[in-house]
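This report refers to the structure that appears directly beneath it.
The residues of the chain are indexed from 1 along the displayed sequence.
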Amino acid sequence: MVNPKISHRPTICYRPIQPSDLEILEQLHSDVFPIRYESEFFQNVVNGRDIVSWAAVDRSRPNGQSDELIGFVTARIVLAKDSEIADLLRYDSSKVDQTLVYILTLGVVDAYRNLGIATALIREVIKYASSIPACRAVYLHVISYNNPAIHLYKKMSFNCVRRLHGFYLINGQHYDSYLFVYYVNGGRSPCSP
């Protein structure tokens with residue numbers, strides 16, 4: 001794993017997550033999230049089954065670690081009409097193929113935080129969503145106490161559109177979630193002019 005402090009100037013590159021990333025991806029999720037993910041989730045990520053993903057790697061890392069994940073984002077395409085935010089979109093309901101991109105997970109190793117890696121990973125998702133003509137928005141949930149993530153999404157012009165009480169159940173305790181949306185390709189809130 002990564003040392004607590006990086007002692008070199010990193011050369012960050014981005015690429016799709018690959019089957020060879022499975023073990024480190026599972027470890028990073030375990031390190032970053034209080035929620036445990038099923039092995040099927042990781043298999044779907046590394047094999048690109050219904051999940052798109054990007055990895056951040058530091059090409060300047062020594063000892064054969066130059067392709068080891070230091071950050072990741074995973075996302076899924078969902079139909080707009082079937083999503084939990086259908087009421088938050090102004091879209092043409094006669095076009096049943098309209099989609100959204102839902103960010104499932106995002107994380108960066110501690111030693112590499114505050115270097116713009118999470119921002120770059122989110123930009124990859126936004127660029128991907130924008131390249132799909134039928135896509136209207138990127139959306140995600142953030143646990144209410146994750147202030148760095150909340151700040152990041154607001155800085156990136158995501159709109160906080162809803163607070164969901166008791167959304168997460170972690171170790172027997174309920175936590176609220178904020179729902180953030182970033183509109184693309186002419187997608188917009190039903191309250192927009």
Side-chain angles (χ1 to χ4, degrees), residues 1-78 99-129 131-132 138-153 156 158 167-173 175 177 180 182:
M1 291 299 292
V2 176
N3 294 332
K5 294 181 181 178
I6 52 175
S7 59
H8 62 280
R9 184 154 208 215
T11 304
I12 309 300
C13 297
Y14 302 91
R15 62 165 174 76
I17 292 177
Q18 306 161 350
S20 60
D21 297 319
L22 179 62
E23 188 176 323
I24 189 71
L25 183 68
E26 288 177 329
Q27 182 61 52
L28 290 178
H29 275 74
S30 176
D31 293 347
V32 172
F33 299 111
I35 298 169
R36 298 293 156 243
Y37 290 85
E38 301 289 329
S39 62
E40 182 182 8
F41 167 77
F42 297 109
Q43 288 296 328
N44 290 341
V45 172
V46 301
N47 293 302
R49 288 192 296 256
D50 297 323
I51 295 177
V52 292
S53 63
W54 291 265
V57 297
D58 179 0
R59 295 289 186 213
S60 61
R61 286 178 75 191
N63 304 326
Q65 294 179 315
S66 66
D67 200 47
E68 186 176 288
L69 270 63
I70 56 152
F72 59 86
V73 65
T74 63
R76 169 179 282 136
I77 297 174
V78 298
T99 62
L100 306 167
V101 172
Y102 177 63
I103 295 178
L104 299 162
T105 62
L106 169 71
V108 177
V109 170
D110 279 343
Y112 286 87
R113 290 191 178 157
N114 299 312
L115 297 176
I117 295 168
T119 299
L121 288 165
I122 294 166
R123 283 191 185 125
E124 290 291 332
V125 176
I126 291 170
K127 184 169 66 173
Y128 171 75
S131 75
I132 303 169
V138 175
Y139 75 107
L140 57 99
H141 294 94
V142 178
I143 200 161
S144 59
Y145 62 74
N146 190 343
N147 292 322
I150 292 165
H151 175 74
L152 171 67
Y153 295 121
M156 294 190 72
F158 277 74
F167 182 81
Y168 292 105
L169 178 62
I170 302 169
N171 298 325
Q173 185 170 347
Y175 295 91
S177 167
F180 282 88
Y182 183 97

So how far is it from [X] [atom1] to [Y] [atom2], rounded to the nearest 0.5 Å?
X      : Y      : atom1 : atom2 : value
Tyr112 : Leu69  : OH    : CG    : 11.5 Å
Leu140 : Phe180 : CG    : CZ    : 7.5 Å
Ile126 : Thr119 : CD1   : OG1   : 9.5 Å
Ile132 : Lys127 : CD1   : NZ    : 13.0 Å

message = Treating Arg15 as the side-chain partner and Asp67 as the backbone partner, does any N or O pair qualify as donor plus acceptor under 3.5 Å?
response = yes
query = Judged by atom type as modelled, is there a donor-acceptor pair below 3.5 Å linking the side chain of His151 to the main-chain atoms of Asn147?
reply = no
So, for [X] and [Y], which heavy atoms are closest and what is the spacing to 0.1 Å?
X      : Y      : value
Arg36  : His29  : NH1-O, 4.2 Å
Pro10  : Leu115 : CG-CD1, 4.0 Å
Gly107 : Val32  : CA-CG1, 4.3 Å
Leu121 : Ala55  : CD2-C, 4.3 Å
Val101 : Ala129 : CG2-CB, 3.7 Å
Gly116 : Tyr14  : O-OH, 4.4 Å

Side chains of [X] and [Y]: closer than 4.5 Å at any heavy-atom pair?
X      : Y      : answer
Phe72  : Asp21  : no
Ile117 : Val109 : no
Phe167 : Ile143 : no

query = In a check of side-chain contact (heavy atoms from CB on, under 4.5 Å) between Val73 and each of Val108, Val125, Ile122, which one passes?
reply = Val125
Audit row: Tyr139, Val78, side-chain contact (heavy atoms from CB on, under 4.5 Å) steps and yes/no = CA-CA 10 Å; Tyr139 75 107; Val78 298; 3.8 Å; yes
Per-pair distances, 0.1 Å, donor-acceptor, side chain in residues 45-53, under 3.5 Å, sequence neighbours excluded:
unit_1	atom_1	unit_2	atom_2	d
Asn47	ND2	Gln43	O	2.9
Asn47	ND2	Gln43	OE1	3.3
Arg49	NE	Asn44	OD1	3.0
Arg49	NH2	Asn44	OD1	3.4
Ser53	OG	Ile17	N	3.4

request  = Evaluate the criterion side-chain contact (heavy atoms from CB on, under 4.5 Å) for residue pair Leu106 and Tyr153; output intermediate values, then yes/no.
outcome  = CA-CA 12 Å; Leu106 169 71; Tyr153 295 121; 3.1 Å; yes
Would you please classify the geometry between the [Y] ring and the [X] ring as parallel, tilted or perpendicular, with 30° and 60° separating the classes?
X      : Y      : value
Phe33  : Tyr37  : perpendicular
Phe158 : Tyr182 : tilted
Tyr175 : Tyr145 : perpendicular

Residues which pass salt bridge (Lys or Arg N to Asp or Glu O under 4.0 Å) with Arg113, listed by chain and number, not counting sequence neighbours = Asp110
ask   = Listed by chain and number, what are the side-chain hydrogen bond (donor to acceptor under 3.5 Å, both in side chains) partners of Ser60, not counting sequence neighbours?
value = His8, Asp58
task = Show your reasoning for whether ring-ring contact (aromatic ring centres under 6.0 Å, His included) applies to Tyr168 and His141.
result = CA-CA 10 Å; Tyr168 292 105; His141 294 94; 7.0 Å; no
request  = Output, in order, the C-alpha distance, side-chain angles, deciding distance and verdict of side-chain contact (heavy atoms from CB on, under 4.5 Å) for Phe41 and Leu104.
outcome  = CA-CA 10 Å; Phe41 167 77; Leu104 299 162; 4.0 Å; yes
